[in-house]
Amino acid sequence: MTSDHDPLLTGLAAMAVPAPGRLLDKVTARWTRVPGPAGDVYVATTDLGVAYVRSAGSAEEFAGLFRARFGRPLLPAARPPAGLLTALRTGRVRLDLRGLTPFAASVLAAAATIPRGETRPYGWIARQAGRPRAVRAAASALAANPVPLLIPCHRIVQADGVAGGYVFGTPSKEALLRLEGANLDEVRDLAAAGTRYLASDTTGVVCFPSCHNARRITPAHRHGFASLAAAGQAGFRPCLHCLPA
DNA sequence: CGCATGGCCCTTA
DNA sequence: TTAAGGGCCATGC
């Protein structure tokens, strides 16, 4: 039945031996269920940090999603990692983002720079990731964000101000943005009227309408533009905070 | 405006 | 290796 000299069988036998505890923690992820800003979420954590966040109907379903993506099993956690609950609202916790493609990594890195209460278009993300024309691909990378809420992919919206898709559903995306104080409706109304940028004639700076600098512009000094080119033509330079260009 | 269409490009099956 | 499709976008009625 078994052969001591068959390398395949001895290899398989070695794999069956339980790994030392420390190693097991490095290899396996552990799940926990915690309340998020828009309902409960399941969270998978390794010793490197949070690796996966999704909503699911059950722990089994979550483990299934996890295995489908990472090809590894998922064990229950004794308790949620320290700081996780606040991190789901503030986005500050260690992440385990191994396994991302370079493109996905740069897309998520760009998303992580968007402050609370602000939004950016998908095209902006693509440009920040170094692939200005890969807009749809960037959207796909965001759709596959392993750690929503922690990396705020909900802050990327369509160029016309419509929320767009979200792993937890568009209504959750809108609710989250309102919770963060984003001016979702104003951005959409401006875009509908053809205004995608706002500039201040006191600072000479042009911004995305959700930029905290744009929101402080006194109405009397505010100028709307349909394109960055038009704003540049009028003598405005791109804001260093929201980086419209 | 609202809708349809073609272009774009990274992933996955 | 290839082909299809997706959290988009600008354009054209």
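Every chain is numbered from 1, with letters handed out A, B, ... down the list of sequences. Computation of the quantities below employed the complete heavy-atom set of this structure, encompassing side-chain atoms and omitting hydrogens, waters and symmetry-equivalent molecules. All of these numbers come straight from a predicted model, not from anything done at the bench.
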*With a non-hydrogen cut-off below 4.0 angstrom, is A/Tyr122 in contact with a base, only sugar-phosphate, or nothing?*
base
_Residue A/Phe103, side-chain atoms from C-beta onward, closest of C/dG6, C/dG7, B/dT11_ = B/dT11
*Between P of B/dT11 and CZ of A/Arg136, the distance in whole Å*: 15 Å
*More than 12 heavy atoms of other groups within 6.0 Å of A/Arg133 CZ*: no
*asked:* Checking the side chain of A/Asp201 only, and the main-chain atoms of A/His223 only, is there a donor and an acceptor separated by less than 3.5 Å?
replied: no
_Proximal nucleotide (of C/dG7, B/dC9, C/dC9) relative to the A/Val135 side chain_ = C/dC9
*Might you confirm whether atom CZ of A/Arg216 has over 12 heavy atoms from other residues, nucleotides or ligands at distances under 6.0 Å?*
no
*For the pair made of CZ in A/Arg131 and C1' in B/dC10, what is the distance, rounded to whole Å?*
9 Å
*asked:* Could you check, using the six-membered ring where one of them is a Trp, whether A/Phe236 and A/Phe225 have ring centers closer than 6.0 angstrom?
replied: yes
*In whole angstrom, give the distance that lies between atom CG of A/Leu190 and atom P of B/dC1.*
12 Å
*Under 4.0 Å between any heavy atoms, over every strand shown, what does A/Thr101 touch: base, sugar-phosphate, or nothing? Just pick one.*
sugar-phosphate
_Does any part of the side chain of A/Thr170, heavy atoms only, come nearer than 4.5 Å to the side chain of A/Val162, both counted from C-beta?_
no
*NA contact type, A/Gly123, heavy-atom cut-off 4.0 Å: base, sugar-phosphate, or nothing?*
sugar-phosphate
_Atom-pair distance (CH2 on A/Trp124; P on C/dC8), nearest Å_ = 17 Å
*Starting from C1' on C/dC8, measure out to CZ on A/Arg196 and report it in whole angstrom.*
11 Å
_Between C/dC9 (P) and A/Ile125 (CD1): distance, integer Å_ = 11 Å
_Distance in Å, A/Phe70 CZ paired with A/Asp96 CG, rounded so as to fall on 0.5 Å steps_ = 7.5 Å
*asked:* By the 4.0 Å heavy-atom rule, please label A/Ala143 as base, sugar-phosphate, or nothing.
replied: base
_Main-chain N/O of A/Pro244 paired with A/Arg127 side-chain donor or acceptor, under 3.5 Å_ = yes
_At 4.0 Å (heavy atoms only), tell me whether A/Ala144 reaches a base, stays on the sugar-phosphate, or touches nothing._
nothing
*Where DNA chain C forms stems, i.e. three or more consecutive Watson-Crick or G-U pairs with both distances under 3.5 Å*: B:2-7 with C:8-13, B:9-13 with C:2-6
*Specify the separation, in whole Å, of atom CD of A/Gln128 and atom C1' of C/dC8.*
17 Å
*Can you tell me how far P of C/dC9 sits from CG of A/Leu142, to the nearest Å?*
11 Å
